[in-house]
Protein chains: 2
Amino acid sequence: MGKNEETRELIIDSARNRFLQYGFNKTTMAEIAKDCGMSASNLYRFFKDKNDILVEMTERCFRDTENCLREILRRPGMSAAERIKALVLEKLHINYDMIANEPKFNEIVMYITSERSDIVCRHKDALISSIAEAVAEGNRNGELEAPDIVKTADMISKATIMFGHPMLMNGYSLQELEDSATEIIETLVQGLRRR
Amino acid sequence: MGKNEETRELIIDSARNRFLQYGFNKTTMAEIAKDCGMSASNLYRFFKDKNDILVEMTERCFRDTENCLREILRRPGMSAAERIKALVLEKLHINYDMIANEPKFNEIVMYITSERSDIVCRHKDALISSIAEAVAEGNRNGELEAPDIVKTADMISKATIMFGHPMLMNGYSLQELEDSATEIIETLVQGLRRR
DNA sequence: AGAATGAATAATCAAGTAAATATTCACAAA
DNA sequence: TTTGTGAATATTTACTTGATTATTCATTCT
């Protein structure tokens, strides 16, 4: 890995800790720089501005999630139903962990959602792609009958939207969320089954 | 109708126009009073405070929606599937109209959601009750097989949550929303069918 | 050259004050 | 007795201005 890329990672990690713990506005460039052992002005050699650090942090976070989901697609011996459920539950767990452990997660999500909906959309599309792969697999092995794969995947993502939005998860225990997600997916898959 | 109740309605209607057009904070008690042809201090003879006007306005709005839904339950000659779809689409249309025609609807919803989630919860429960009635009907006539009626209704409401949240409807056309809602409900109902 | 810095400038935030608004109250009209 | 009002008070908002922070830049270091 290039030295330059290493420094960028160090900065993103330092910023991430501060942003999620204290919030974006309450974190100063000087603090991030101090955590990295450099001056504030030097941060600008690696990132355009403070917002840019947040954006790249978010994209990295989304990329990690997407990799998790792709890993689930590669697991052997799962039915399409099981795979779709695993995808949604994985996203749910990642979100739940963040809500539980990172005080300012909600604030950061709201900020990104309102200011950079394009990034959120791209992530949502990646999610739909993963679900689509599982649906396609279900079609191939005769478990499902979904003529329009992407439309079906999009439908599934919309029906499970509350497990990807921290705001909507508020007030439910992890158990309740898992149960609800499971019931929705099992009913949907049952409705998509080849008869 | 009592004179007192008539005045309360006049005040709520005047406030409603202002709140939805200019927002809660940008509307002054003096303006509401002027629209009603009375002094600001007289408003307090009918409502505890400004917040109270908003709350009663919201409850009235929710009650109207709930009456619409109950009316759908009384329509003759519909299958359970059709009735559930009609319920969700009705709520979707009401929300869509508000978003399209009332500039500050979103702001008001956010405010009520954060400050008085109890009211929103009660409305959500009423919605689930209506869906539950349709599910029960489906069970009776053999169209559906849902052992736990309320749990099933709750599941349906969670899977269609995006059509009840203005925030999540942002960026979709009415047609797209209707299509998505229809597809989700038809798939769910198919999954609940007696086999 | 590229990496890094402290000082300079620009933008944003925060404390304090003035103005606007919400709410109360003593009293009048119906 | 209920509806109503204008004046008085309490609260909130808007606006200054001083302080903090983001960003740029000229310069040093390697």
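Note that this is a predicted model, so its numbers are computed, not measured. Each chain gets a letter, A, B and so on, in the order its sequence line appears, and its residues count up from 1.
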For this session: Name the nucleic acid region contacted by S39(B), choosing base, sugar-phosphate or nothing; use a 4.0 angstrom heavy-atom cut-off, strictly under.
Result: base
Exercise. So, R193(B) and E145(B), do they make that salt bridge, N to O below 4.0 Å?
Worked result: no
Exercise. Should side-chain heavy atoms under 4.5 Å link Ile, Leu, Val, Met, Phe, Trp and Tyr, which residues sit in the same cluster as M167(B)?
Worked result: M110(A), M167(A), M110(B)
Problem set entry | Residues in ring pair (Phe, Tyr, Trp, His ring centres under 6.0 Å) contact with F19(B), at least two apart in sequence or another chain | F24(B)
Exercise. Is any side-chain heavy atom of L177(A) less than 4.5 Å from a side-chain heavy atom of M162(A)?
Worked result: yes
For this session: State plainly whether the residues E137(A) and R83(A) are in salt-bridge range, i.e. N to O under 4.0 Å.
Result: yes
Problem set entry | Upstream residue (5' side of DNA chain C) when N25(B) and A40(A) are each assigned their closest nucleotide | A40(A)
For this session: Let me know, please, whether N42(B) or A30(B) comes out on the 5' side of the other along DNA chain C by nearest nucleotide.
Result: A30(B)
Side-chain donor-acceptor pairs of residues 121-128 of chain B under 3.5 Å, sequence neighbours excluded:
from	atom 1	to	atom 2	distance (Å)
H123(B)	ND1	E66(B)	OE2	2.8
H123(B)	NE2	K91(B)	NZ	3.1
K124(B)	NZ	Y172(A)	OH	3.4

For this session: Would you grab the first and last nucleotide of DNA chain D (5' to 3') that comes under 4.0 Å of any non-hydrogen atom in chain A?
Result: dT21(D) to dC25(D)
For this session: Return the angle between end axes of the helix from dA1(C)-dT30(D) to dA30(C)-dT1(D), with five pairs used per end and rounding to 10°.
Result: 30°
Exercise. Between which nucleotides of DNA chain C, read 5' to 3', does contact with chain A run, using atoms under 4.0 Å from its heavy atoms?
Worked result: dA3(C) to dA14(C)
For this session: Using heavy atoms and a sub-4.0 Å distance, could you list which residues of residues 105-119 of chain B are near DNA chain C? By number, please.
Result: none
For this session: Can you spot which of E183(B), H93(B), K85(B) makes a side-chain contact (heavy atoms from CB on, under 4.5 Å) with E178(B)?
Result: H93(B)
Exercise. Near DNA chain C, which residues from residues 43-56 of chain A have a heavy atom under 4.0 Å away?
Worked result: R45(A), F46(A)
Problem set entry | All pairs passing ring-ring contact (aromatic ring centres under 6.0 Å, His included) where residues 30-61 of chain A contributes a residue, at least two apart | none
For this session: Would you mind classifying the nucleic acid contact of T27(B) as base, sugar-phosphate or nothing, using non-hydrogen atoms under 4.0 angstrom?
Result: sugar-phosphate
Exercise. Has the side chain of E107(B) got a donor or acceptor atom that lies under 3.5 Å from a matching backbone atom of G23(B)?
Worked result: no
For this session: Please collect all side chain to side chain donor-acceptor pair (under 3.5 Å) contacts where either partner lies in residues 151-161 of chain B, sequence neighbours excluded, each pair once.
Result: D154(B)-K158(B)
For this session: Have a look at S41(A) and say if it touches a base, only the backbone sugar-phosphate, or nothing, with a 4.0 Å heavy-atom cut-off.
Result: base
Problem set entry | Donor on one side chain, acceptor on other, D179(A) and Q175(A), under 3.5 Å | yes
Problem set entry | Interatomic spacing from CG in N42(A) to CD1 in I11(A) - rounded to 0.5 Å | 7.0 Å
List, one per line, each side-chain donor-acceptor pair under 3.5 Å for residues 97-106 of chain B, sequence neighbours excluded.
from	atom 1	to	atom 2	distance (Å)
N101(B)	ND2	D97(B)	O	3.1

Problem set entry | Salt-bridge present (E9(B), R60(B); N to O < 4.0 Å) | yes
For this session: For residues 41-57 of chain A, pull every pair meeting salt bridge (Lys or Arg N to Asp or Glu O under 4.0 Å), keeping only residues two or more places apart or in separate chains.
Result: R8(A)-E56(A)
